[in-house]
Amino acid sequence: MSRAFVKEDAEGRWTAPAALHEYRVLIEGEVVRETDDLLDALNWMQGRPARGFELRSRDGQLLAVA
């Protein structure tokens, strides 16, 4: 087998990256929720007692602040 296909730096099996979601809810720069449903994200933010949430699109555009 060619060494081009051998991954030497990994200790475990390769896993596919997680699917990208359309919307991300962040607090202080840390992602706390990801979803593909805009209303789900807005309702989730509204239902939390904490404030300081940001809702951003996949490309990083700021959509809402709570």
Side-chain angles (χ1 to χ4, degrees):
M1 174 183 261
S2 170
R3 293 194 56 79
F5 296 105
V6 177
K7 189 170 185 175
E8 295 177 8
D9 60 343
E11 296 172 10
R13 293 185 63 164
W14 179 84
T15 56
L20 295 176
H21 294 283
E22 194 62 34
Y23 305 104
R24 295 178 300 152
V25 179
L26 297 94
I27 189 165
E28 297 180 4
E30 183 178 339
V31 177
V32 292
R33 183 170 176 86
E34 292 183 312
T35 183
D36 291 322
D37 185 355
L38 178 59
L39 291 177
D40 176 54
L42 292 170
N43 287 332
W44 188 89
M45 289 169 55
Q46 182 181 17
R48 303 287 168 244
R51 292 292 174 238
F53 290 110
E54 293 181 348
L55 176 62
R56 295 192 175 265
S57 64
R58 183 186 307 183
D59 61 357
Q61 298 251 349
L62 180 63
L63 301 175
V65 176

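- Tracing side-chain contacts under 4.5 Å through hydrophobic residues (I, L, V, M, F, W, Y), one never reaches V31 starting from L42; they form parts of separate clusters.
- The two residues R33 and D40 make their nearest non-hydrogen contact at NH2-OD2, 2.9 Å.
- The minimum heavy-atom distance linking R56 with E54 is given by the pair NE-OE1, 3.0 Å.
- Expressed to the nearest 0.5 Å, how far CZ of R48 lies from CZ of R51 amounts to 11.0 Å.
- Listed by first and then second residue, the ring-ring contact (aromatic ring centres under 6.0 Å, His included) pairs involving residues 17-47 are W44-F53 (not counting sequence neighbours).
- In this model, no donor atom of one side chain and acceptor atom of the other lie less than 3.5 Å apart for T35 and D37.
- Salt bridge status for E34 with R24: absent, with no side-chain N to carboxylate O gap under 4.0 Å.
- Residues V25 and A41 approach most closely at CG2-CB, 4.2 Å, considering heavy atoms.
- Atom-to-atom distance recorded for D59:CG and L20:CG is 11.5 Å, nearest 0.5 angstrom.
- Shortest non-hydrogen contact noted between D36 and E22 is OD1-N, 2.8 Å.
- Within the 4.5 Å cutoff, the side chain of L38 has heavy atoms near those of the L55 side chain.
- A pairwise comparison of heavy atoms in A66 and M45 identifies CB-CE, 3.6 Å as the closest pair.
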